[in-house]
Amino acid sequence: MKNLDFKNFLFKSAVMAMACDGDIADEEVIEIKKIVANEIYFLGYDFEEPLKVNIDNIKVNGRNAINLYLQEIVSNDLNEHQELLIIEILLRVIQADGKVEESESKFLQMVKSKLKVDEQTLIIKFPQQIEVLMDFNNYGLHEEFTNDISI
């Protein structure tokens with residue numbers, strides 16, 4: 001996936017993670033702003049309009065926005081580095097408020113199930129988040145995200 005397209009998709013990933021529990025916590029918004037301001041892969045990225053567009057999409061489409069996002073993962077030609085960045089961003093956003101909701105865990109596992117990167121690589125890359133990365137509830141086997149989202 002090309003750089004600008006990937007930046008947009010990576011940002012969309014962050015917003016989906018932020019909203020998948022039906023609540024946008026201030027800590028999650030702060031974390032997204034911190035990621036965009038400080039991470040090299042978002043260098044020069046103007047996030048205000050994409051933030052509004054993605055939140056509006058979720059407000060209008062609810063869980064269908066999440067399901068369409070999950071389908072996009074499969075159709076995008078992501079390399080392993082890009083897939084690891086997506087997982088890193090998702091982990092940072094869903095852990096930003098100090099708790100991981102069931103819907104956030106489900107979303108993370110469903111995203112993981114769409115990626116080609118294997119579990120061992122994820123555990124080696126993110127050893128501090130092993131409890132969050134393990135799919136104890138088999139959420140990765142779910143066909144679609146069914147939690148209601150109203151933000």
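Since this is a predicted model, take the numbers as computed values, not measurements.
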| message | Just by distance, no angles: are the side chains of Lys106 and Asn137 close enough, under 3.5 Å, to form a donor-acceptor pair? | response | no
| salt bridge (charged side-chain N to carboxylate O under 4.0 Å, His left out) partners for Lys2, two or more places apart | none
| field | Residues Lys12 and Glu72 bridged, charged N to O under 4.0 Å | value | yes
| Tell me, do Met134 and Ile123 make a side-chain contact under 4.5 Å, heavy atoms counted? | yes
| query | How many angstroms lie between CG in Asp77 and CG in Asp5, if you round to the nearest 0.5 Å? | reply | 11.5 Å
| query | Is Ile89 close to Ile86 at the side-chain level, that is, under 4.5 Å between some pair of heavy atoms? | reply | no
| field | N/O donor-acceptor pair under 3.5 Å between Ser13 side chain and Phe9 backbone | value | yes
| request: Let me see the working for Val117 and Leu78 under side chain to side chain contact (heavy atoms under 4.5 Å, CB included), right down to the final yes or no. | output: CA-CA 10 Å; Val117 66; Leu78 301 168; over 6 Å; no
| request: Can you see which heavy atom on Leu133 is nearest to which on Gln109, and at what distance? | output: O-NE2, 3.2 Å
| message | So does Leu141 get a backbone contact from the side chain of Asn138, meaning a donor-acceptor N/O pair under 3.5 Å? | response | no
| field | pair Val15-Val93: side-chain heavy atoms closer than 4.5 Å | value | no
| message | Which heavy atom of Ile58 sits nearest to which heavy atom of Ala19, and what is that distance? | response | CD1-CB, 3.6 Å
| task | Determine, using the 4.5 Å side-chain heavy-atom cutoff (strictly less than), whether Tyr139 and Ile94 are members of one ILVMFWY cluster. | result | no
| task | Given side chain to side chain contact (heavy atoms under 4.5 Å, CB included), test Leu84 with Glu80 step by step and report yes or no. | result | CA-CA 6 Å; Leu84 290 172; Glu80 184 175 302; 4.1 Å; yes
| remark: On a heavy-atom basis, the closest approach of Gln95 and Gln129 is OE1-CG, 3.4 Å
| said: side chain to side chain contact (heavy atoms under 4.5 Å, CB included) for Leu122 and Ile130? Distances and angles first, verdict last. | reply: CA-CA 8 Å; Leu122 292 174; Ile130 192 167; over 6 Å; no
| remark: Rounded to the nearest 0.5 Å, the CD atom of Glu143 sits from the CE atom of Met110 at a distance of 8.0 Å
| request: Run the salt-bridge test on Lys116 and Glu83 with the 4.0 Å N-O cut-off and return the result as yes or no. | output: yes
| Can you name the closest pair of heavy atoms from Cys20 and Phe107 and give their distance? | SG-CB, 3.7 Å
| field | side-chain hydrogen bond (donor to acceptor under 3.5 Å, both in side chains) involving Asn57 - partner list, sequence neighbours excluded | value | Asn61
| request: Compare all side-chain heavy atoms of Leu51 with those of Glu49 and state whether any distance is below 4.5 angstrom. | output: no
| query | With side chains defined as the heavy atoms from C-beta onward, is the minimum distance between Asp97 and Asp26 less than 4.5 Å? | reply | no
| Between CG of Asn3 and CG of Leu10, what distance do you get to the nearest 0.5 Å? | 10.5 Å
| query | Is any side-chain heavy atom of Lys114 closer than 4.5 Å to a side-chain heavy atom of Val111? | reply | no
| What pair of heavy atoms forms the shortest contact from Ala65 to Met16, and how long is it? | O-CE, 3.9 Å
| said: Is there a path of hydrophobic side-chain contacts, each under 4.5 Å between heavy atoms of I/L/V/M/F/W/Y residues, joining Phe136 to Val100? | reply: no
| said: For the backbone of Thr146 and the side chain of Arg63, can you confirm whether one donor and one acceptor N or O come within less than 3.5 Å of each other? | reply: yes
| task | For Asp118 and Gln120, indicate whether the former's side chain and the latter's backbone hold a donor-acceptor pair under 3.5 Å. | result | yes
| Cationic N near anionic O, under 4.0 Å, Glu119 to Lys112 | yes
| query | For Gly140, does its backbone N or O pair with a side-chain atom of Asp135 as donor and acceptor, under 3.5 Å? | reply | yes
| said: I'd like to know if the side chain of Gln71 reaches the main chain of Ile66, judged simply by a donor and an acceptor atom lying under 3.5 Å from each other, with no hydrogens or angles considered. | reply: no
Run the side-chain donor-acceptor check on residues 33-41: report pairs under 3.5 Å with partners two or more places apart or on a different chain.
{"unit_1": "Asn38", "atom_1": "ND2", "unit_2": "Lys34", "atom_2": "O", "d": "3.1"}
{"unit_1": "Glu39", "atom_1": "OE2", "unit_2": "Arg92", "atom_2": "NH1", "d": "2.8"}
{"unit_1": "Tyr41", "atom_1": "OH", "unit_2": "Glu88", "atom_2": "OE2", "d": "3.3"}

| query | Where do Phe11 and Phe6 land on the ring pair (Phe, Tyr, Trp, His ring centres under 6.0 Å) test, with the steps shown first? | reply | CA-CA 8 Å; Phe11 188 77; Phe6 180 67; over 10 Å; no
| query | At their closest point, which heavy atom of Glu28 faces which heavy atom of Asp23, and how far apart are they? | reply | OE1-O, 3.4 Å
